[in-house]
Number of protein chains: 2
Amino acid sequence: MEPIPSEETGLGPEAMEAPDGEVLGKMIREARKEKGLTLEEAAKAAAIGRSTLSKIENNQTRPSFEIIRRLMQTLELETPQLFVQSSQSGVTGRRDFTRTGEGEHKETSTYDHELLCSELTSKRMVPYISTIKARDVTEFDNWVRHQGEEFMFVLSGELILYTEHYRPLRMGAGDSVYYDSGMGHGCVSVSKEDAKVLWVSLEG
Amino acid sequence: MEPIPSEETGLGPEAMEAPDGEVLGKMIREARKEKGLTLEEAAKAAAIGRSTLSKIENNQTRPSFEIIRRLMQTLELETPQLFVQSSQSGVTGRRDFTRTGEGEHKETSTYDHELLCSELTSKRMVPYISTIKARDVTEFDNWVRHQGEEFMFVLSGELILYTEHYRPLRMGAGDSVYYDSGMGHGCVSVSKEDAKVLWVSLEG
DNA sequence: GGAAAAAGTTTCCTATAGGAGACGCAACGT
DNA sequence: ACGTTGCGTCTCCTATAGGAAACTTTTTCC
């Protein structure tokens, strides 16, 4: 019994959905629950319809700015933040987490990268865990190089970080380093086991 | 009981900070002019229709949240960020490292912070390790809140991260989270030992 | 367990958001 | 004067937002 009137909109490039849209309903529902309000109470307080609120929370509609504004006020989400400041922080009002080992894997020849919190697409920093295979390359022909800054923290194993213009740096668990990733860089595991490092990269 | 819907919604007074319907169009027009964009250019950049933008600017419509979000993004952050950021990187050609436990310590009542790579002063990300004391603190009085984004990685112990608008998140070693640090946040150790977390914070 | 109430969802319908393109109207250059 | 070009507005139309109410699910209280 699913009439499902969702026919192809021969019209719209409107079919587009922003990742933010996805989260919006969730945010609102959580905020409402947080305040212990029912749909009816919240809707009334925001002067909107009960059904409208339900649809918004389930992402079944594309609410108007005005409606969202009222909801934000009612639920005490800071409205200005959501817009104006989204220019500064691309993750305004959002959060994402990743359980151990459950990141999105991306393997290359020398590394095994596990992207963390990758569902939060608009974030400015990019955190990932890399497994650097033991007994691998001992020299680079190709430095890695990308405009920005990078922070690295050694989780386990032992490795040598090569950074252009600097002496190689031998690092063990718990050590950390911060560098201009525009300089050529790369590392090599020198322990018997693979080395694990946490990287946080910032573009620009 | 219908006359005036001024009930005690806990909504507070007219602390309306969000652009009101009347002003919204004007704001947007000004922002667009500021950037020297024509209707067509701005609309295209925001992936909306030229006429739609015109109507919005003249307050002849009640635009959807999604449309406004796109406009805000286009008009506020668009290209500038890309340029600004590249000239912002203050660590050009530099590197700094910190050995385990040798960071600069900064203790507060609830946390014990160890700043990493703190000699590199002009870096944009701020990495530090915090020891969250195992204790009975089950309640916050004060959320931490600062404009920007934050990444957290649990090194050891078990804790609960509280983030405004979200459910508390129980985390163990190896788990990570990324969030808008403009939202109130804070955490509490729930293991018997102190919990250790690595934080990387980005302002703005 | 079962009835009643409460919370949430879906349906139905009207008003309108939003896009395409026509139109208006300056400011040019020839 | 007359095109021409570029920018903003207006008209027209379809898809859909949003409210009322019907419906379904969950919770509460005998």
Side-chain angles (χ1 to χ4, degrees), chain A residues 1-18 20-75 82-83, chain B residues 1-2 5 7 9 18-75 167:
Chain A
M1 332 277 233
E2 296 260 333
I4 301 191
S6 67
E7 38 186 308
E8 282 306 325
T9 68
L11 178 75
E14 256 344 281
M16 131 155 211
E17 56 84 30
D20 296 81
E22 269 301 306
V23 186
L24 182 65
K26 203 177 155 201
M27 273 181 56
I28 290 179
R29 171 147 293 183
E30 276 170 14
R32 176 171 63 81
K33 294 285 188 190
E34 190 75 19
K35 301 204 80 179
L37 296 173
T38 68
L39 274 181
E40 177 122 47
E41 293 165 334
K44 196 176 168 200
I48 69 175
R50 189 164 83 260
S51 56
T52 302
L53 181 50
S54 170
K55 287 177 204 164
I56 291 171
E57 293 188 351
N58 293 301
N59 294 307
Q60 289 168 6
T61 191
R62 246 173 36 134
S64 71
F65 173 74
E66 176 59 24
I67 294 284
I68 293 298
R69 205 176 90 339
R70 290 192 218 157
L71 274 173
M72 290 295 175
Q73 272 191 270
T74 301
L75 300 176
L82 209 75
F83 309 92
Chain B
M1 38 295 281
E2 48 77 26
E7 39 228 314
T9 60
D20 173 286
E22 269 303 305
V23 193
L24 183 65
K26 206 178 157 197
M27 276 183 52
I28 290 179
R29 172 149 291 182
E30 274 168 15
R32 178 172 63 81
K33 294 286 188 189
E34 189 75 19
K35 292 185 100 50
L37 295 173
T38 68
L39 272 182
E40 175 123 48
E41 292 165 334
K44 196 177 168 196
I48 69 175
R50 191 166 81 260
S51 56
T52 302
L53 181 50
S54 171
K55 287 178 204 164
I56 291 172
E57 292 188 350
N58 293 303
N59 294 307
Q60 289 169 8
T61 191
R62 235 172 45 132
S64 73
F65 175 75
E66 174 58 24
I67 294 286
I68 293 298
R69 216 195 88 261
R70 289 192 217 159
L71 274 173
M72 288 296 183
Q73 290 215 345
T74 302
L75 298 177
R167 296 225 172 72

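What you see below is based on every heavy atom in this structure, not just the backbone, and it leaves out hydrogens, waters and symmetry mates. Lettering of chains follows the sequences in order, A, B, ..., and the numbering in each one begins at 1.
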Between C1' of D:dA17 and CD of A:E57, the distance in whole Å: 16 Å
If you round to the nearest 0.5 Å, how far is CG of A:L39 from CG of A:L53? 5.0 Å
Give A:S54 one of three labels, base, sugar-phosphate or nothing, depending on what nucleic acid heavy atoms sit under 4.0 Å from its own. base
Atom pairs, protein N/O to nucleotides 22-24 of chain D N/O, distance under 3.5 Å:
from   : atom 1 : to    : atom 2 : distance (Å)
D:dA22 : N6     : A:R50 : NH2    : 3.2

What I want to find out is whether A:E41 reaches A:R32 closely enough, with some N-O distance under 4.0 Å, to be called a salt bridge. no
Over all strands shown, is A:S64 touching base, sugar-phosphate only, or nothing at heavy-atom distances under 4.0 angstrom? sugar-phosphate
Rounded to the nearest 0.5 Å, what separation is found between the CD1 atom of B:I68 and the OG atom of A:S64? 9.5 Å
Length of the line joining A:I56:CD1 and C:dT9:C1', which is rounded to integer Å: 14 Å
Going by modelled atom types, is there a donor-acceptor pair between the base of C:dG19 and the side chain of B:K55 at under 3.5 Å? yes
Residues A:N58 and A:S54: closest non-hydrogen pair is ND2-O, 2.9 Å
Between B:R62 (CZ) and D:dA17 (P), how many Å, whole number? 12 Å
Looking only at N and O atoms, is any donor in the side chain of A:S51 or the base of D:dG19 less than 3.5 Å from an acceptor on the other one? yes
Establish, with yes or no, whether the OP1 or OP2 oxygen of C:dG8 is under 4.0 angstrom from a side-chain nitrogen or oxygen of A:K33. yes
Tell me the interatomic distance from B:K44, atom NZ, to C:dG21, atom P, rounded to whole angstroms. 15 Å
If the condition is side chain to side chain contact (heavy atoms under 4.5 Å, CB included), which residues does B:T52 pass it with, not counting sequence neighbours? B:I56
How long is the straight-line distance from CD of B:E40 back to CZ of B:R50, given to the nearest 0.5 Å? 5.0 Å
Between atom CD1 in A:I68 and atom P in C:dA17, what is the gap in whole Å? 15 Å
Under 4.0 Å, heavy atoms only, any strand: does B:T52 hit a base, just the sugar-phosphate, or nothing? base
Measuring from A:K33:NZ to A:T38:OG1, what's the distance to the nearest 0.5 Å? 9.0 Å
Distance, rounded to the nearest Å, where A:L39 contributes CG and D:dT27 contributes C1': 15 Å
Taken to the nearest whole Å, CG/B:L53 to P/C:dG21 is 18 Å
Distance, rounded to the nearest Å, where A:N58 contributes CG and D:dA17 contributes C1': 15 Å
